[in-house]
There are 2 protein chains.
Amino acid sequence: MKNNTITVNQQFNEEKKIVFDENSCPVTATMQVLGGKWKCILINAIYITSPARFGELKRSVKGITQSMLTQQLRELEDDGIISRKIYAEIPPRVEYTLTDFGLSLSPIIQTMAEWGKQYRLNNESKK
Amino acid sequence: MKNNTITVNQQFNEEKKIVFDENSCPVTATMQVLGGKWKCILINAIYITSPARFGELKRSVKGITQSMLTQQLRELEDDGIISRKIYAEIPPRVEYTLTDFGLSLSPIIQTMAEWGKQYRLNNESKK
DNA sequence: AAAGTAAGTATGAAAAATAATACTATTACT
DNA sequence: AGTAATAGTATTATTTTTCATACTTACTTT
C-alpha cells in the first residue's frame, strides 16, 4: 500500500519501450547473417570475381587463413548466400557464386563500399 | 635456365591481380570501423533514440553487458562516430548522439535495416 | 622418383571478444 | 540508517575467433 503511488508512477514513466533485439531490430537481424570479420569481405570478393575459386580467394583476400576461409564459406553456404559447384576434375575445382539471396545483400555491400571509398579519400586529404 | 619457360608462363598467367585488403578494398576499410558484434546495432540505437543515455541503451540493447557497452561507446567515440555529453549532475547524466561523421554511416545502417525487415518477412512466410 | 597442384580436413594453440561479477561516487528519498 | 539511481571501473572468467602446422587425394609435370 505504501508503494502504490511509486508503482503507478513507474508504469507511467515507461515513455520509451524501444527494444533492440533479433525480433524487433532489423539491424540486429542482419548482423546475424553478416556478422564476423570476413563475411562482408568475402561476399564482396565473390561478387567481384565470380565465379570465384577457393585458391583464388585464398590469395586475394589478404590475411585470411585457409581454415577461416573454409569455415566462412561453409557458413555462407549454409545460410544460402553462396552456392558451391564442384567439378570432378584432377586437380579439383570448386567455384563459388552468389545465390539470388546472396545478391539481395549487394545493396548493403555496395553502400559499405561507397562509404569506404569516401572514408579513404577523407583520410588521404588529412595527411 | 631450365625454368625459364615456366617463369615466363607464370608471369603471363597472373590474369587477375585483384586483391582485397584495407588499401584496395573499400568494404574491408569500412569493416575496420563497423566491425564487431555491437557497433552497427549501437549506431542504429543511438540514431533512433538520440540523445541516448547510457542506462537507456543498457536496457534497450538486449544482450549487451555494461562493460561491453562502455567499451564499444568509447571506441565509437574515439572513431569520431558518436559524441558524449556529460552533465555535471547527481545522479550523473551522459548523452550520446551521432556526429556528422557518424550520420554519414546511416545509409549503411538503413540499408541493413531494410534488408533485415525483408529477411524477417521471408522467414515468417516460410513457417 | 620427387615435387607440384587444388581444395580441402584435422588438431592444438593463441589471441581476441564477450560476459559476469563486484565495486565506486554522490545525492535524494524513506 | 538503509536503499535507490546513474554512469561508470576493475577484475576475472568464459567463449569465440583466429592462427599455425601437418596431413590427404589423385593426377601431372619434371
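In what follows, chains are A, B, ... by sequence order, proteins preceding strands, each numbered from 1.
When rounded to the nearest whole Å, the span between CD of E77(A) and P of dA7(C) equals 15 Å. L34(B) places its CG atom 15 Å from the P atom of dA17(C), with the value rounded to the nearest Å. Between I64(B) atom CD1 and dA17(C) atom P there is a gap of 14 Å when expressed in whole angstrom units. Regarding I82(A), its CD1 atom lies at a distance of 13 Å from the P atom of dA7(C), rounded to whole Å. What separates NZ of K37(B) from C1' of dA16(C) is a distance of 14 Å, to the nearest Å. Nucleotide dG8(C) holds its P atom 12 Å from the CD atom of E95(A), rounded to whole Å. Rounding to whole angstrom units, CZ of residue R59(A) and C1' of dG8(C) are separated by 14 Å. The distance from atom CG of L69(A) to atom C1' of dA7(C) is 10 Å, rounded to the nearest whole Å.
Side-chain to base pairing of T70(A) with dA7(C): no donor and acceptor N or O lie closer than 3.5 Å to each other.
Nearest-nucleotide positions on DNA chain C place L73(A) closer to the 5' end than the other of L73(A) and W38(B). For the pair I90(A) and G36(A), nearest-nucleotide mapping onto DNA chain D gives the more 5' position to G36(A). Along DNA chain D, the nucleotide nearest to Q71(A) and the one nearest to F54(B) differ in position, and the one closer to the 5' end is contacted by F54(B).
Remark: K58(B) is not in phosphate contact with dA19(C), judged by side-chain N or O atoms under 4.0 Å from OP1 or OP2. Distances shorter than 4.0 Å separate none of the side-chain N or O atoms of R84(A) from OP1 or OP2 on dA7(C). At dA7(D), one or more side-chain N or O atoms of R53(B) fall inside 4.0 Å of OP1 or OP2 (strictly under the cut-off). Look at R93(B) and you won't find any side-chain N or O under 4.0 angstrom from OP1 or OP2 of dA7(D). Close to dA7(C), at under 4.0 Å from its OP1 or OP2, lies no side-chain N or O of Y96(A).
Picking from dA7(D), dT9(C), dA20(D) the nucleotide with the shortest atom distance to the side chain of R74(A) gives dT9(C). Minimum atom distance to the side chain of T65(B) is reached by dA19(C), of the listed dA7(C), dA10(C), dA19(C). In the set dT18(D), dA6(C), dT9(D), dT18(D) carries the atom at the smallest distance from any side-chain atom of M68(A).
Remark: R93(B) is positioned above the aromatic ring of Y87(B), its terminal NZ or CZ atom under 6.0 angstrom from the ring centre and at most 45 degrees off the axis.
Heavy atoms only, all atoms of each residue included: R120(A) and A29(B) are closest at NH1-CB, 4.1 Å. Among all heavy-atom pairs drawn from T99(B) and S83(B), the shortest one is CG2-N, 3.8 Å.
Backbone-only engagement by G63(A) is indicated by non-hydrogen atom pairs under 4.0 Å involving sugar-phosphate atoms exclusively. Residue Y87(A) is out of contact with every strand shown, counting any heavy-atom pair closer than 4.0 Å. Across all strands, Q66(A) comes closer than 4.0 Å to base atoms (heavy-atom distances).
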Please report the C-alpha distance between K39(B) and E75(B) in whole Å, then the side-chain angles of each, then the deciding distance to 0.1 Å, and finally whether the salt bridge (charged side-chain N to carboxylate O under 4.0 Å, His left out) criterion is met. CA-CA 9 Å; K39(B) 294 278 169 68; E75(B) 289 182 16; 2.9 Å; yes
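Between Q66(B) and F54(B), the closest side-chain pair of non-hydrogen atoms falls below 4.5 Å.
Between the CD1 atom of I43(B) and the CH2 atom of W38(B) there is a distance of 14.0 Å, given to the nearest 0.5 Å.
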